[in-house]
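Notes follow once the structure below has been shown.
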Amino acid sequence: MLDRPRREPSLMRTLSAPMRRLLWLLGVLYALYLIGGNLFLNSPLASAEVNRKPEVFHAQWTWAWTLWPGDIHAHGLRLHGQARQLLWSAQGDAASGRIMLWPLLRHQLRLGPVRTSAVSLDIQPTTIDLKPPPWRRDAWRITADRVSTLSLRQVRLGALVAEGDGEAELGFTHQLRGGSTAIFPSHVLMPNARVHYARRELLRDARLDVHFAFDPFTHDQLPGWQKLERAKIHAVIEGTTPAIALGADKAAALATRRSSQGGHLSADLLLDHGTLAPGGRLQWNAPVAITDADGTQQQRRGQLDLAVQAAAVMVDARIPPPAGPGGATAPNQLEAHLQFASRHVFPRRSASEVLRLLSGSVEGRWHFASLGWLTPLAMSRPWLRLDGAGDIVGALRIDAGRLAPGTRVDVPKAALVANILDNVFAGAAQARARVVAGAGGARLLADLAVERFTLAPRMAAGQAYLRGRALQVNLQSSDDLARFREAFTARLHFADADIPDLRAYNRYLPGKSLYFLQGTGRMSTDFSIDGHGDVSAGRMQMSSAAARLALGVSRLAGKLTMDTRIDRAQRAGHAFELKNFTLNLDGVRVEGSSAPPWWARVTLQQGRLDWDHPMRLRGSATLVMKDVSLLLSLFADRSAFPSWIANLINVGQATAHARVEAQRGDFILDHLVGSNERIDVFAHLRVSDGKPSGDLYARWGVLGLGVALADGKRHFHLLHARRWYQAQPDLLPAEATSAP
């Protein structure tokens, strides 16, 4: 009888019963994990758990799966969040990685190698600072040892975008609640990239190879760009740059023509904790299509070289002149040789200390479609600007942050606009600037000459009320590049400009109470202007050989001249002290009167002028007059006074003192004390919106007369006239004057 073959026992049969039960339990648990874990990853519960603080971190995915605890594969992954003042987002077709479980017990989310595909990264600045909650030592720390992709599609940093197939590897660690952040050695390689800024192409067919790492830092320690002081970044860039179109066409618009040829950029720079390493270089050259003002186009080649040396960074730039005769004097050429005596990119120094490191020279001649950029570059508060198309011919010599003798800038023709006291001077100017050595050191001097100019209100620039010739603006400033924008002072002066219509100045006069009716005139002005564009001192002169003006209900015609010096009364605003103010009136006739011509000389003491609207003039005045006839005519016609007053009006020169104020619709003469050889006059007079009112007291020996004027009606006081006048209220605060 043959023996039967013996059956081998199965693995399960060889195990003990407890062991078999354990394996079945583990199998059931694994099956439950597969079912439960995958159901959880693809349910709203997972999204709600991950996105507890969506303003800080938010994730979404199309679908995900897992084969083992901590092992996750996600498809259609989208991540975005905010870290302080940076908004970031990342997306990819797929990502797979592992979450290490044991570090979770120590408040650490640690990711093993993460592999991604079709990745795009976007980082944008924002003005909203999302500050973290208060610091805690046990705050969670997130660490990714290595996140890699072999299909990097795009990197966007603000408006700068690099796109094209590439690869990248990144590792980082970050502690929440404002803890430290570090970036492990990482790199980005894009062998065929396109780089553009605000949709303007910078590079194409470019190879970008960037290696970087950041030592631990916190936002509070190193805000903004200062974080680069903890970084080591090595960038190697090679690519084709577009051609550049420069210049202006006949309509003074920027030329848009472009060359079919491309340029070339090559760079190899190492930034080591905020300092460029010696040996770094950047070279760029490209065709430059230059269109002159007459529309002629020229093709040249521009070049820029940057070299990092042991003690300095050297920059050389050149756009050569056109070939052939006359090339040296042709527009649109540039040559610069600059040296920055430090390799530190973000120096923690003041602006003046940084500029002290700059030396070199710049020479060129260029035609610009607009010169509007020039004044803000030179002045901290651009009260004066050059505008319109024009040429700049110049040479800068810079020695340790100071402009050196030999510096010159010429602008043969430009449109000048100067905003002074809410008025605008405008005209075609020639400008010439030089740095001149002197006993006190070098100074920057600039002279602007305007052959013909106009002056108009700032809010109505087309309504010129002054036309003149030979306007001169003389500027000077420090040779120190760190100070010259704030140190500008100027002198603006002209002589005998035409005033076509004196009525243009009524905007400065008190409405219907005192204003010009007709006339032409001449004006001369000499202003000193500080670095803020405010008038600090000056002189104004105005004259008219035949002016008609209204004073209350009176209409006057005659010759007038005004002369005054002004000094600013305070650091801010347009308040001025008036010095040596004189106003002369000659050959004045009152319309409707047969009285002979009248004259007056007015001087102002303690005068103050507030130029800001509404304009206000006040002070103490001395009036020397042919007689008091004009003054009394504001109260009544001569025939309305008693005969003894009428007979004394024309007797002898009169002198008066008064407080004066003119503003809005009011012209006030208060505390007026006047006299001639035979009569004394005291008055409070207000002309408001063209209507005179007030109180007057006149006396001759023992005779006295009081007149109250209101609403065009006069009330005479013959008895106790002096007592009546003394009881009348003042219109302005009193000063020391003779009592009536």
Query raised in the report: Which atom names give the shortest non-hydrogen contact between Pro321 and Arg300, and what distance separates them?
Result: CA-NH1, 3.9 Å

Report summary line: One should read off an interatomic distance between Arg565 CZ and Phe581 CZ, to the nearest 0.5 angstrom, of 14.5 Å

Query raised in the report: Would the number of heavy atoms belonging to other residues, nucleotides or ligands and lying under 6.0 Å from CZ of Arg432 be above 12?
Result: no

Query raised in the report: With the threshold set at 4.0 Å, does a side-chain nitrogen-carboxylate oxygen contact exist between Asp422 and Arg458?
Result: yes

Query raised in the report: Between Arg608 and Asp610, is there a side-chain N and carboxylate O pair less than 4.0 Å apart?
Result: yes

Query raised in the report: Is there a donor-acceptor contact under 3.5 Å from the side chain of Ser359 to the main chain of Asp399?
Result: no

Report task. Please check if any side-chain donor atom of Asn285 sits under 3.5 Å from a side-chain acceptor atom of Arg301, or the reverse. Result -> yes

Report summary line: Value for CG (Asp534) from CD1 (Ile529), rounded to nearest 0.5 Å, stands at 9.5 Å

Report task. Compute whether any side-chain donor of one residue and acceptor of the other, for Glu661 and Gln663, lie under 3.5 angstrom apart. Result -> yes

Query raised in the report: Under a 4.0 Å N-O cut-off, is there an ion pair linking Asp563 with Arg539?
Result: yes

Query raised in the report: Which heavy atom in Ala286 sits nearest to a heavy atom in Trp284, and how many Å separate them?
Result: CB-CZ2, 3.3 Å

Query raised in the report: Looking only at heavy atoms, what is the nearest atom pair of Thr454 and Arg467, with distance?
Result: CG2-NH1, 3.5 Å

Query - Residue pair Phe425 / Val417, side-chain heavy-atom distance below 4.5 Å - result: no

Query - Residue pair Met523, Leu466: steps toward the side-chain contact (heavy atoms from CB on, under 4.5 Å) verdict - result: CA-CA 8 Å; Met523 175 172 280; Leu466 188 73; 4.1 Å; yes

Requested in this report: Go through the steps to decide whether Leu384 and Leu448 satisfy the test side-chain contact (heavy atoms from CB on, under 4.5 Å), and finish with yes or no.
Outcome: CA-CA 11 Å; Leu384 179 149; Leu448 293 87; 4.2 Å; yes

**Report entry** Residue pair Ala547 / Leu502: nearest heavy atoms and the distance that separates them
**Finding:** CB-CD1, 3.7 Å

Query raised in the report: Would you call Asp387 and Leu371 a side-chain contact if the rule is heavy atoms closer than 4.5 Å?
Result: no

**Report entry** Asp501 vs Arg503, salt bridge (Lys or Arg N to Asp or Glu O under 4.0 Å): CA-CA, chis, key distance, verdict
**Finding:** CA-CA 5 Å; Asp501 191 343; Arg503 291 176 296 179; 2.7 Å; yes

Requested in this report: Report the distance from atom OG1 of Thr561 to atom CG of Asn584, rounding to the nearest 0.5 Å.
Outcome: 4.0 Å

Query - Under 3.5 Å donor-acceptor, Arg343 side chain and Leu276 backbone - result: yes

Query raised in the report: Quick one: do the His337 and Ser361 side chains pair a donor with an acceptor below 3.5 Å?
Result: no

Query raised in the report: Under 4.5 Å between any side-chain heavy atoms of Trp366 and Ile319, yes or no?
Result: yes

Query raised in the report: Is there a side-chain contact between Leu358 and Gln339, using heavy atoms and a 4.5 Å cut-off?
Result: no

**Report entry** Asp447 side chain vs Gln472 backbone, donor-acceptor pair below 3.5 Å
**Finding:** no

Query raised in the report: How about Trp383 and Ile420: do any of their side-chain heavy atoms sit closer than 4.5 Å?
Result: yes

Query raised in the report: Between Arg548 and Glu591, is there a salt bridge with N-O shorter than 4.0 Å?
Result: yes

Query raised in the report: Do the non-hydrogen side-chain atoms of Leu617 and Phe667 ever get within less than 4.5 Å of each other?
Result: no

Requested in this report: Using the six-membered ring wherever Trp is involved, compare the ring planes of Trp611 and Tyr508 and label them parallel, tilted or perpendicular (cut-offs 30° and 60°).
Outcome: tilted

Requested in this report: Evaluate the side-chain proximity of Thr564 to Met562: yes if any heavy-atom separation is below 4.5 Å, no if none is.
Outcome: yes

Query raised in the report: Is any side-chain N of the basic residue among Asp586 and Arg601 closer than 4.0 Å to the acidic one's carboxylate O?
Result: yes

Query raised in the report: Do Ser620 and Arg659 get their side chains close enough for a donor-acceptor pair, meaning under 3.5 Å?
Result: yes

Query raised in the report: Going through the checks in order, is the ring pair (Phe, Tyr, Trp, His ring centres under 6.0 Å) test met by Tyr505 and Tyr465?
Result: CA-CA 8 Å; Tyr505 291 86; Tyr465 60 84; 5.0 Å; yes

**Report entry** Any Val436 side-chain heavy atom under 4.5 Å of Arg443 side chain
**Finding:** no

Requested in this report: Return yes if some donor-acceptor pair links the side-chain N/O of Arg408 with the main-chain N/O of Pro405 below 3.5 Å, else return no.
Outcome: no

Report summary line: d(Ile566 CD1, Leu609 CG) to nearest 0.5 Å is 7.5 Å

Report summary line: Here the gap from Leu549 atom CG to Leu514 atom CG, rounded to the nearest 0.5 Å, amounts to 6.0 Å

**Report entry** Pair Lys413 + Glu451, salt bridge at N-O below 4.0 Å
**Finding:** no

Report summary line: To the nearest 0.5 Å, atom CE of Met540 lies from atom CG of Asp526 at 11.5 Å

Query raised in the report: Distance-only, no hydrogens or angles: does the Asn506 side chain make a donor-acceptor pair with backbone N or O of Phe516 under 3.5 Å?
Result: yes

Query raised in the report: Closest heavy-atom contact between Pro412 and Asp391?
Result: CD-O, 3.4 Å

Query raised in the report: Leu403 and Ile398: side-chain contact (heavy atoms from CB on, under 4.5 Å), yes or no, with the steps?
Result: CA-CA 5 Å; Leu403 294 172; Ile398 305 171; 4.2 Å; yes

Query raised in the report: Do NZ/NE/NH1/NH2 and the carboxylate oxygens of Arg469 and Asp496 come within less than 4.0 Å?
Result: no

Query - Backbone of Asp689 reached by a side-chain donor or acceptor of Ser513 within 3.5 Å - result: yes

**Report entry** No-hydrogen, no-angle side-chain donor-acceptor test under 3.5 Å, Gln605 and Thr603
**Finding:** yes

Query - Pair Arg356-Arg402, side-chain contact (heavy atoms from CB on, under 4.5 Å): steps then yes or no - result: CA-CA 7 Å; Arg356 292 279 188 276; Arg402 291 183 175 274; 4.0 Å; yes

Query raised in the report: Hey, do the aromatic rings of Phe453 and Phe494 have their centres closer than 6.0 Å?
Result: yes

**Report entry** Smallest separation among heavy atoms of Pro500 and Thr520, with atom names
**Finding:** O-CG2, 3.1 Å

Requested in this report: Would you tell me whether Ser478 and Arg483 have side-chain atoms, one donor and one acceptor, within less than 3.5 Å of each other?
Outcome: yes

